[in-house]
A.B. asks: 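For reference, the structure I am asking about is given below.
Every number for a ligand or one of its atoms is a count from 1 in the order of the listing. If you're wondering where the values come from, they're calculated on a predicted model, not measured in any experiment.
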Amino acid sequence: MIRILEKHVADKIAAGEVVDRPVSIIKELVENSLDAESSAITVEIRNGGKSYIRVTDNGCGIPSEEAELAFQRHATSKITTVRDLESIETLGFRGEALASICAVSRVELITKTEEEKTGRRIIVEGSSILENTATGCPDGTTITVRDLFYNVPARSKFLASDSAETRRIIDMVSRIALSYPDVKFNMINNNKKVFATRGNGNILNNIISIFGAESGKDLIPLESDRNGYVIKGFVSSPASSSPSRSRQIFCVNGRVVSSDVLEKALDDAYKEKLFHGRYPAAFLFMCAPPSKLDVNVHPTKKEIRFDDRYEVMDFVTEAVKNALTDREAVPRVMVQRAVSSTELLHERQADEVQYSFEDVKSEMTASGVSDILPEEAEVDIKNILSTLREEAAECETKSEACEKHQPILPQKPLHIPFEIDRLEYIGTLFNTYILASDDDSFYMMDQHAAHERVFYERLLAEYNNAEKSRQTLLVPLNFNVSAQVTATEELWLDELSSIGYDIEFFGNNTYLVREIPAFMDMGEAEAFLADMLKALEDKPDLTNRMSIDRIITRSCKSAVKGGDHLEDAEISALMKDLKNCINPFSCPHGRPVFIRMTRYDIEKMFKRV
Ligand code: ADP
Ligand code: MG
């Protein structure tokens, strides 16, 4: 039932600009389709959505006599009282999206409910209804928005280039598609297919469809619940981080949200595992009791606020940390990319629909904006609608909001911790890789990366330790630096002294090293210092704390020598040190320390399975 909101209810709802750019229109339209319980949604755009947007769904449709009402401000079928606001579970609830959209564009609505024999076609331009006629059409709703801002040319000047607007739209539709794994999404740009999801609930499959096979690699499943909160999803292993948060997608109660709480929780879980400026990929699906959320903080409803942020942060950090101790955090050697994704699906979803190699391959081709498939020119609306209808027949799952949006994951992902002391030493390869195995996996460890990790964590420990343990040199070392480095002495000298060096200014840009950190040998101490000084010389901006951090971690690399033959005793000492590391999985620069092949991977290569 569509009703006009009472004035006080309407006022209570923070009104905001719904329409600022094409992406916000698409967001509203897609959310309406989702609220209408659609199981298949097609989004088409042309010219970054500026000239053409069409969203087609197979949802409940709008009853003929109510269709015109949908375009009135504060017309909504979703809310009637203030109390409803507190436990709102549908996506849109302000009843102003369609009204705002039709005020600045030419809109066509075609809709039909299951009960009615004929549907409605309504044409609205700049808020005036030009046509309202009966029409034959399938169940569901299609809204076409043409010529955005045709009547407010000043606004169109604020739009970015077609390709920038397109990127925004594809990014947003991808996020929504991921968060509704049981809804089938089709994204079409300038008549070409960008991606298509299957709507079979398989998130991993969707990640691959949308972001490509590479992104499905090295993902660790996680699942946890506490105090009415449930979280499921995937996070990347610390060995495959990225320079931005673009692969972090959070979904709370079926809604894609941004949340500093969830970002912080992730950062905490990866602390010591990743560097400044490196971010994990995370696809997190959370269910939280609606009473513990504030969804109305922002008019565009993107940012979510939790009543108890610390409770949520703690819960999520622990869930992620726990996932990261999993053996899956050791990167797998894959026989071949495409096969690997299929394998992952196989192993993780033995009881799910099985995918053929061809399936995954075609999804890979279909995924990503870069490799767009050539498609038939105009995509016929009748065709889309009838396919949608067929699909709807297959896909009948419609239940409560929370259940509905829960991704289908293996019931309990088997948590197999990675235990270094259970590794059995096999031998050494090329004086560089240590070979080992456990029950069903074969590992190669990069001894240089391992050593670097150990060195780095000792350095950090020393740094954080009030009592420095130093060793005094019989003969002090001396070194020369440029006047610029001398001038910024207070920045680096303190840092060096916090890790256990004792350095004294000797005059004339020369310094004397009297003591070195206890955990370093002479060679390491010298190499570390030399590299650090060199980096300081190269670095014009020494006032930046973060760049000094970076210089220190970089210098770990030079301090540790590689390619040396290690004696058995040295190998077991290295393994023991590594076991005590907070993050034994990767070196401080993110390169993996271990790689793993399962027995299955090996048998696969020998074509035994
Ligand atoms: P709101 O979503 O906040 O209610 P909108 O302006 O977005 O406001 O939509 C107004 C009304 O139109 C909705 O409440 C709903 O009843 C109807 N509607 C809009 N889009 C669809 C759709 N795709 N399928 C079914 N009903 C729709
Ligand atoms: Mg809406």
A.B. asks: Just do the side-chain contact (heavy atoms from CB on, under 4.5 Å) check on Val124 and Leu130 with the steps written out, would you?
C.D. replies: CA-CA 6 Å; Val124 191; Leu130 303 188; over 6 Å; no
A.B. asks: Got a sec: does the CD of Glu114 have more than 12 other heavy atoms crowding it under 6.0 Å?
C.D. replies: no
A.B. asks: Which atoms of ligand 1 are found less than 4.0 Å from any heavy atom of Ala36?
C.D. replies: 24 (N), 25 (C)
A.B. asks: Taking everything shown except Lys292 itself, do over 12 heavy atoms lie less than 6.0 Å from its NZ?
C.D. replies: yes
A.B. asks: Look at Asp162 together with Arg46 and state whether they make a salt bridge at an N to O cut-off of under 4.0 Å.
C.D. replies: no
A.B. asks: Short N/O distance, under 3.5 Å, between Ala97 and ligand 1?
C.D. replies: yes
A.B. asks: Show the atoms of ligand 1 that are less than 4.0 angstrom away from any heavy atom in Ala70.
C.D. replies: 10 (C), 12 (O)
A.B. asks: Heavy atom under 4.0 Å from ligand 1: found in Asp57's side chain, backbone, both, or neither?
C.D. replies: side chain
A.B. asks: Less than 3.5 Å between some nitrogen or oxygen of Asp35 and one of ligand 1, yes or no?
C.D. replies: no
A.B. asks: Establish, from distance only, whether the side-chain atoms of Ser64 and Glu116 form a donor-acceptor pair under 3.5 Å.
C.D. replies: yes
A.B. asks: In chain order, what residues pass the salt bridge (charged side-chain N to carboxylate O under 4.0 Å, His left out) check against Glu131, with sequence neighbours excluded?
C.D. replies: Arg121
A.B. asks: Please confirm whether Gly59 comes under 4.0 Å of ligand 1, counting heavy atoms of the residue only.
C.D. replies: no
A.B. asks: Mind checking whether Leu98 contacts ligand 1 via backbone (N, CA, C, O), side chain (CB onward), both or neither, at a 4.0 Å heavy-atom cut-off?
C.D. replies: both
